[in-house]
Amino acid sequence: MSARERILSRLRAAQAPFTDVALIVERRQMIPPQTMTASERLNQFIDNAQSLGCFVYQVDRSEAVEQIMDLLDGDKSLLSWDEAHLPLDGAHGLLNSLGVAVAQHNDGGVRVGLTGVNAALAATGSLVLESGAGRYRSASLLPDLHIALMTADQVLPDLETWAAARAHEAFREASNTVIVSGPSKTADIGHQLVKGAHGPRELHILILP
């Protein structure tokens with residue numbers, strides 16, 4: 001028997017941990033629930049996202065394309081999720097007609113990244129991004145400027161609400177799940193705030209109806 005087989009056999013023979021821990025029947029919500037209308041929840045999300053340093057815009061389809069072009073500021077390419085995962089029909093075709101190409105998802109030289117979102121959290125102003133087929137994590141992590149497209153009905157009250165409805169599937173199905181709260185920043189060194197240390201320096205959120 002090889003060393004590997006001996007180790008594995010011991011692990012298999014060992015008692016399984018935590019067998020005496022009772023299953024959770026009723027979960028307690030750590031964040032006190034608030035009774036809000038969809039409009040109030042959206043406003044709470046916008047306020048909290050802006051307080052984190054995000055730029056938030058409520059736009060229609062044509063305004064969304066104009067805003068993306070303004071943020072590109074003359075750039076001729078961007079990283080992007082596949083069109084099927086963006087809440088803007090024909091987004092890539094519209095951008096191509098304006099002279100903007102979608103770069104390879106691993107192109108580290110592109111300044112702007114375009115993604116959808118899987119949820120937005122009103123309590124913290126955060127975005128939930130589940131990467132996977134057609135939802136490249138590089139689009140939100142590599143570029144200096146991240147544009148996130150979302151719809152108003154994607155706003156949930158808080159992380160616990162999302163976790164109760166989606167976390168089990170997200171962590172099993174997505175290759176990577178990220179909770180994004182504002183642009184990348186750190187103050188680890190000398191308590192000096194530095195933006196863009198681990199991701200985009202700017203986060204622009206475009207909210208479609």
Side-chain angles (χ1 to χ4, degrees), residues 24 27-61 63-64 67-68 71 78-89 91-92 105 112-143 145-185 198-200 202-209:
I24 297 174
R27 295 183 181 273
R28 295 182 180 180
Q29 188 154 346
M30 296 297 103
I31 300 174
Q34 299 180 10
T35 302
M36 286 187 172
T37 65
S39 177
E40 290 171 336
R41 195 158 52 242
L42 175 61
N43 289 334
Q44 184 188 39
F45 168 76
I46 293 172
D47 289 344
N48 285 330
Q50 289 175 332
S51 72
L52 292 170
C54 302
F55 300 91
V56 185
Y57 317 82
Q58 291 183 271
V59 294
D60 61 24
R61 173 188 165 92
E63 291 170 334
Q67 188 63 57
I68 293 170
L71 293 170
L78 81 173
L79 300 184
S80 178
W81 282 9
D82 287 354
E83 275 188 324
H85 302 290
L86 300 175
L88 180 61
D89 293 338
H92 289 182
H105 66 85
V112 178
L114 178 68
T115 74
V117 310
N118 295 95
L121 310 179
T124 55
S126 307
L127 303 176
V128 181
L129 304 181
E130 302 172 22
S131 62
R135 302 188 306 273
Y136 310 105
R137 54 186 160 184
S138 54
S140 65
L141 295 175
L142 281 181
L145 190 151
H146 174 200
I147 304 171
L149 300 177
M150 58 172 282
T151 55
D153 60 5
Q154 288 184 289
V155 180
L156 300 177
D158 49 49
L159 181 61
E160 289 178 273
T161 304
W162 172 81
R166 177 65 186 158
H168 180 72
E169 291 79 9
F171 292 135
R172 289 175 62 89
E173 297 170 7
S175 62
N176 179 260
T177 298
V178 179
I179 313 298
V180 179
S181 299
S184 171
K185 51 191 174 292
H198 310 295
E202 293 184 19
L203 174 54
H204 296 257
I205 303 171
L206 277 58
I207 303 175
L208 294 152

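Keep in mind the model is a prediction, meaning the values are calculated, not measured. Positions are given from 1, in the same order as the sequence printed here.
The two atoms that bring Val117 and Met150 nearest to each other are CG2-CB, 3.5 Å, heavy atoms only. Summarising the geometry of Glu63 relative to Val59, their closest heavy-atom pair is OE1-CA, 3.4 Å, with the distance given to 0.1 Å. Between Pro87 and Gly116, the shortest heavy-atom contact is CD-CA, 4.3 Å. Between Glu40 and Thr35, the shortest heavy-atom distance links the atoms OE1-O, 4.3 Å. Looking at every heavy atom in both residues, Ala49 comes nearest to Ile205 through CB-CD1, 4.2 Å.
Residues that satisfy the side-chain contact (heavy atoms from CB on, under 4.5 Å) test with Ala167, not counting sequence neighbours, are Trp162, Ala163, Phe171. Considering only residues two or more places apart in sequence or on other chains, Ser138 meets the side-chain hydrogen bond (donor to acceptor under 3.5 Å, both in side chains) condition with none of them. The side-chain contact (heavy atoms from CB on, under 4.5 Å) check on Ala164 picks up nothing, with sequence neighbours excluded. With sequence neighbours excluded, no residue forms a side-chain hydrogen bond (donor to acceptor under 3.5 Å, both in side chains) with Asp89. Residues satisfying the side-chain contact (heavy atoms from CB on, under 4.5 Å) test with His85, not counting sequence neighbours, are Trp81, Asp82, Arg135.
Residue pairs satisfying the side-chain hydrogen bond (donor to acceptor under 3.5 Å, both in side chains) criterion with at least one member in residues 42-57, sequence neighbours excluded, are listed as follows: Tyr57-His204. Contacts classified as salt bridge (charged side-chain N to carboxylate O under 4.0 Å, His left out) and involving residues 48-58 (residues at least two apart or in different chains) are not found. For residues 116-139, the set of pairs meeting the ring pair (Phe, Tyr, Trp, His ring centres under 6.0 Å) definition, not counting sequence neighbours, comprises His105-Tyr136. Within the structure, the salt bridge (charged side-chain N to carboxylate O under 4.0 Å, His left out) test picks out the following pairs touching residues 149-170 (sequence neighbours left out): Glu130-Arg166, Arg166-Glu173. Identified under the ring pair (Phe, Tyr, Trp, His ring centres under 6.0 Å) test for residues 27-50, with sequence neighbours left out: none. Within the structure, side-chain hydrogen bond (donor to acceptor under 3.5 Å, both in side chains) contacts touching residues 176-185 (residues at least two apart or in different chains) are Ser126-Ser181.
Here the CG atom belonging to Asp60 is positioned 10.5 Å from the CG atom belonging to Leu206, to the nearest 0.5 angstrom. Ile147 CD1 to Glu202 CD: the interatomic distance, rounded to the nearest 0.5 Å, is 10.0 Å.
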| request: Dump the intermediate steps for side chain to side chain contact (heavy atoms under 4.5 Å, CB included) on Leu156 and Val128, then the final yes or no. | output: CA-CA 10 Å; Leu156 300 177; Val128 181; over 6 Å; no
| said: Under the criterion side chain to side chain contact (heavy atoms under 4.5 Å, CB included), I'd like the reasoning laid out for Met36 against Val155: C-alpha separation, chi angles, the key distance, then a yes or no. | reply: CA-CA 12 Å; Met36 286 187 172; Val155 180; over 6 Å; no
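Just one of Leu78, Leu71, Leu79 meets the side chain to side chain contact (heavy atoms under 4.5 Å, CB included) condition when paired with Val112; it is Leu78.
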